[in-house]
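The structure appears right after this line, and notes come after that.
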Amino acid sequence: MSAIDYAEKIPNNVNLVGDRTLQRALEHWQPQFLQWWHEMGPNDFEGANVYLRTAVSVDAQGWAHYGAIRMPDYRWGIFLADPVAERKIGFGDAMGQPAWQQVPGEYRSTLRRLIVTQGDTEPASVEQQRLLGHTCPSLYDLRNLFQINVEEGRHLWAMVYLLHAYFGRDGREEAEELLARHSGDADKPRILTTFNEPISDWLSLYCFTYFTDRDGKYQLKSLAESAFDPLSRTCRFMLTEEAHHMFVGETGISRVVKRTLEVMKELGSDDPDRVRAAGAVDLPLLQKYLNFWCSSSLDLFGSEISSNSAANFASGLKGRPDEGQYEDHVLREQTLNLVTPQGASDVPMLNALNEVMRESYLKDCEIGLKRWNRMIERAAHDFRLSLPSSRFRRSIGAWAGQPVNPQGSPIDKALYEKSMPGWIPSEADKAFVHSLMRKVIEPGRMAGWIAPPERGINNLPLEHEYVKLH
Ligand SMILES: [Fe+2]
Ligand SMILES: [Fe+2]
């Protein structure tokens, strides 16, 4: 098990050759996907040779194979984590019963919606990032961007496989729609707001991969708990790829902080204007980018009180991330004290699961913040980066539209509106960041606003030509 068949048109470890109808249907979708990649994928880099990793098996050891290939030749395929023998449902009212190998009729539309919503984010992020290659700060970063892009393309394959294999004609139609919606499109936008925000600079890319891919991690972890076993196995393998995306975000921001501290030291000043004049990202500006992308990503968890998440949990469709770490997996007796603008109240835990997930997500986000603040502290500066409160700038849930400052305190609406350009990137801030974005493609060299990474890819030196442009 777990070997991937690369002799097939569509690489897979699901024995596609044993189901001719499904194979034909996916082979029909494949050229549409490639056409989408051609039109909406990384702009102008189809001829470049990129040092990419490709999965060769799904076990923990050597699934990654590295080699230089053109992105359109990447072997997108269908890879599921190995089945767990006699897997049982781990939460909800059907806890302890055998996991489902087929979709129960009563959950068909809900499961389809969960899969489509997850699937929609994958190509959306490729579309959001399609112009970034033109302003890469180094070949190392360019390669990482493309690695993320091809893997998000594969995550789309993962969801499309489930739609085709388990949802019949509806599933096939949804698979087509996944290529028809586009990020930021006025008529046919992507489903979730965050995935319609343009990512036109690399500081936004690092924030997106830090905050938004981490939301992805939490969604995938909760779907990996699903009673629907093919979904669980699909998400478990996707998580192994997702870790690299968050690595790009965390190390990207670390490198920005490192470079900024070097510039502050050279200048003997922490004056933001002087830091900017020296071509670096001042720390208050970085804070604004963190505020923007963190608050935008917090909305992705949904409303604090949600009957959908209660139903999805009770029926076994979607668990909590790392369900095994909890004692109570049924949650019919528990409550959670929730503070909304109307005051504090105890709500049934089942209805508050989005909030439970949001809280553990924020804890995970804190890890990078601590690291960056240690760097700032070691450089003997008082400034500290922080995460915005989960009440700040929300457009979904109990705090939607509420005038709340980044610390979480309700304030006067006029003051809120006046203060916003000081909390999230203003037009002038964005213009400054864009002015820093200049393509650097000499092997081993870095743009002036970011420090080099600590090591290269797969033990290669930093000077390696990770992308051969011609
Ligand atoms: Fe993904
Ligand atoms: Fe990702």
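Just follow the structure's listing: the first ligand is 1, and inside any ligand the first atom is 1. Please read all numbers here as calculations on a predicted model, not as lab measurements.
- Classification of the Trp293-Phe208 ring pair by plane angle, with boundaries at 30° and 60°, yields perpendicular.
- Put simply, Glu152 gets within reach of the Fe ion (ligand 1), with an N, O or S atom under 2.8 Å from it.
- For Asn15, the CG atom counts as densely surrounded, since its 6.0 Å shell holds more than 12 non-hydrogen atoms of other residues, nucleotides or ligands.
- The N, O or S atom of Glu122 with the smallest distance to the Fe ion (ligand 1) is OE1.
- Taking 2.8 Å as the threshold, Asp213 counts as a candidate ligand of the Fe ion (ligand 2), since one of its N, O or S atoms lies below it.
- No more than 12 heavy atoms of other residues, nucleotides or ligands shown are found within 6.0 angstrom of NE2 on His28.
- Summary: OE2 is the N/O/S atom of Glu242 found nearest to the Fe ion (ligand 2).
- In this pair, Phe301 and Tyr361 present their aromatic rings tilted. The plane angle is within the 30 to 60° band.
- Taking 2.8 Å as the criterion, His155 counts as a coordinating residue of the Fe ion (ligand 1), since one of its N, O or S atoms falls below it.
- Ion pairing between Asp299 and Arg394 holds under the 4.0 Å rule for side-chain N and carboxylate O.
- The aromatic rings of Phe33 and Trp36 sit tilted, their planes meeting at an angle between 30° and 60°.
- Nearest to the Fe ion (ligand 2), among the N, O or S atoms that His245 has, is ND1.
- Within the 2.8 Å limit, Glu241 places no N, O or S atom next to the Fe ion (ligand 1).
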